[in-house]
Number of protein chains: 2
Amino acid sequence: MKALAYGSDQNVGRKMGTVSKALELLDYFTKARPLIGLSDIARLADLNKATCFRLLTELSENGFVEQVGTSREYRLGPSVLRLAALREAQVPTRDAAMPVLQSLAQQTGETAHLSLLIADILRPLAHAYSAAHATKVMLEDTETLPFHATSSGLAVLAFQPEAFRNAVLAKPLAQLTSTTLTNPAALRARIAEVRGLGYAESRGGYESDVHSMAVPLFDALGRCSGALAVAALGTRMGEAQRRMIRYALLQAGTEITTLWGGTLPADIATLWRLAA
Amino acid sequence: MKALAYGSDQNVGRKMGTVSKALELLDYFTKARPLIGLSDIARLADLNKATCFRLLTELSENGFVEQVGTSREYRLGPSVLRLAALREAQVPTRDAAMPVLQSLAQQTGETAHLSLLIADILRPLAHAYSAAHATKVMLEDTETLPFHATSSGLAVLAFQPEAFRNAVLAKPLAQLTSTTLTNPAALRARIAEVRGLGYAESRGGYESDVHSMAVPLFDALGRCSGALAVAALGTRMGEAQRRMIRYALLQAGTEITTLWGGTLPADIATLWRLAA
DNA sequence: ACCAACGGTTCAAATAACAAACCGAAAGCC
DNA sequence: GGCTTTCGGTTTGTTATTTGAACCGTTGGT
């Protein structure tokens, strides 16, 4: 199993195959850092420059990265577009969820985002912003959502196999804000609570003034493979607002799970029906 | 440089790194064959089962493929979605072109498609169909566009560096229909002609009753990195129809190149302006 | 003119990939 | 039921690939 690595956690001492190393290089491209030079990416990945060069060359030969003319920096290549189109054609995920996500943002007047569990890491896949407020939560550059410190993370974690939860909680858990829960036992309790409620909530656990709520999403294989969340400034999160957002979330969550061909676990279905 | 391999061309005797082998596995997933078992894919890629298994495992650990529950077959994983979203955010390609593509299909009443030059291979990225005729050209399952036998291929080839053209024409060229041009010298003449016209045309070179026209597309780096084409049944391609399609193509081609931040080579810009 | 950092290259040494044979399970097929 | 084939997956010794450190030639800053 791939090392669970997030935050500032340096993934040192890992022992991984060449392919994983190459694929990991792709992960260093982010919205905030779309172009990376050879030396930079070698440093980031903690790889030898020669190794890194060979990997990048091979990625480039296959269109997964490409070099922009000047300064020879690398960026993601066009191959991913083709593969993504193919994946979406077979398992509509982003395209299917996007309209629901947008209407959720509009309906709640807050920022909505959808995350996917990819290779044991929770990553945001799409965002939708509302024009309702001048101040909104932006998360353009978030690359990884820590399981223990976000509502999406908790929502997903609550519906994973026990072994997965254990693996996550066994790793060191970053104290991101003053209110981040980092005690494994307390987190377990928290997760059990999420399971009982059918949705998760986080008050400033990731960023101190952001309050968010999230629901788990289920795919056609019955797995909980993602989460849908609404994030707002803590100051805007009154009781009425929370109730409104929760309601919209449960609706939208049901909708996306259905679009994905998934089915809610029976207990969750009941919980959500009651709350509606 | 990666071997130019298309059609039924078996890519035997190649000497490629582990990473390329792994990435090539991803190419065996198509719309027509979205799920593949271990033994199948090993046969397709002409790899040892153990090797193939290891590669697939590593791809799976990184979310590039995943196994569906029953029968343990593999399919493309969610990682590609994330990367594609990132790529589109930085270099809007498919999303930017899609509306133009659709309006081109609607405007011409025929099938329009956009292809991208990925790692020396021309691959269709998106299609748009028109509802105007009951019979239309379908190309859902086309995986690779042979340069010598399609209008898109000729359009792209005409604007590549000489070395690239040579590499393509040096390979054996498949005789796909009775009218497919396979003589390198004749093809060179054809390509020169395309250069002089600013667009390419193919009458039944790929499928015997399909007539298509294509224009090259240029990206922000000044490369010709794709083609835009309209394909119709040969029987519908009268002179008036050809003129209409050509006009719409030049318009749409200009538009997409502009959206991509590219600039037309001066001679082409002039040609297209004159034709409009 | 210097120096540092860049992208890229080289080559011996270390490591990871390879092929073949094997395993238990499931699916035909008599 | 029993025989055979094929499946996904594993193991092993051999082999070929990957790796890391040092080394180029350039570029850009001071």
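Just so we're on the same page: letters track the sequence lines, and every chain starts at 1. Bear in mind that the values here come from a model prediction, so they are computed numbers and not experimental data.
One finds no side-chain N or O of A:Y74 lying less than 4.0 angstrom from the OP1 or OP2 phosphate oxygen of C:dC6. Within the 4.0 Å cut-off from OP1 or OP2 of C:dA17, not a single side-chain nitrogen or oxygen of B:K21 is found. Listed pair A:Q67 / C:dG8 meets the phosphate criterion, a side-chain N or O lying under 4.0 Å from OP1 or OP2.
Among residues two or more places apart in sequence or in another chain, the salt bridge (charged side-chain N to carboxylate O under 4.0 Å, His left out) test is passed with A:E143 by B:R82. B:D40 meets the salt bridge (charged side-chain N to carboxylate O under 4.0 Å, His left out) test with B:R43; sequence neighbours excluded.
If you measure from atom CG of B:L47 to atom P of C:dC18, you get 7 Å, rounded to the nearest angstrom. The nearest whole Å value for the distance from the CG atom in B:L56 to the P atom in C:dC18 is 12 Å. The nearest whole Å value for the distance from the CG atom in A:L35 to the C1' atom in C:dC6 is 15 Å. A:N48 has its CG atom 14 Å from the P atom of C:dG7, to the nearest Å. As a whole-Å value, the separation of A:E73 CD from C:dG7 P is 8 Å. Nucleotide C:dC6 holds its P atom 6 Å from the CG atom of A:D40, rounded to whole Å. Atom P of nucleotide D:dG8 and atom CZ of B:F53 are separated by 11 Å, given to the nearest angstrom.
Nucleic acid contact for B:R54: sugar-phosphate only, since backbone atoms but no base atoms lie under 4.0 Å from a heavy atom of the residue. Using a 4.0 Å heavy-atom criterion, one finds that A:E58 contacts no nucleic acid atom at all.
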*What do the steps show when you test A:E66 against B:R87 for salt bridge (charged side-chain N to carboxylate O under 4.0 Å, His left out), and what is the final call?*
CA-CA 11 Å; A:E66 65 183 5; B:R87 162 82 186 188; 2.8 Å; yes
*Quick one: do A:Q90 and B:L76 satisfy side chain to side chain contact (heavy atoms under 4.5 Å, CB included)? Show the steps, please.*
CA-CA 9 Å; A:Q90 225 242 318; B:L76 286 175; over 6 Å; no
*Pair B:R123-B:S115, side chain to side chain contact (heavy atoms under 4.5 Å, CB included): steps then yes or no*: CA-CA 5 Å; B:R123 298 178 180 282; B:S115 317; over 6 Å; no
*Hey, mind stepping through B:L83 and B:F64 against side chain to side chain contact (heavy atoms under 4.5 Å, CB included) and telling me if it holds?*
CA-CA 10 Å; B:L83 295 175; B:F64 282 76; 3.5 Å; yes
_ring-ring contact (aromatic ring centres under 6.0 Å, His included) evaluation trace for A:Y74 with A:F29_ = CA-CA 9 Å; A:Y74 296 84; A:F29 296 95; 7.8 Å; no
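Between B:A50 and B:S39, the residue anchored nearer the 5' end of DNA chain D, judged by the nucleotide with its closest heavy atom, is B:S39. If you find the closest nucleotide of DNA chain C to A:L38 and to B:L55, the one lying nearer the 5' end belongs to A:L38. Where B:I36 and A:T51 each meet DNA chain D at their nearest nucleotide, the meeting point lying more 5' is that of B:I36.
Below the 3.5 angstrom threshold, one finds a donor paired with an acceptor across the side chain of B:K49 and the base of D:dG9.
In this structure, the nucleotide among C:dA19, D:dG20, C:dG8 sitting nearest to the side chain of A:R72 is C:dG8. Here D:dT18 is the nucleotide among D:dT18, D:dG9, C:dA19 with the atom lying nearest to any side-chain atom of B:T18. Checked against C:dC6, D:dC7, D:dG8, the side chain of B:R43 finds its nearest nucleotide in D:dC7.
Axis deviation across the helix from C:dA1-D:dT30 to C:dC30-D:dG1 amounts to 50°, comparing end segments of five pairs, rounded to 10 degrees.
When only modelled atom types and interatomic distance are considered, B:R188 and B:N166 share a side-chain donor-acceptor pair under 3.5 Å.
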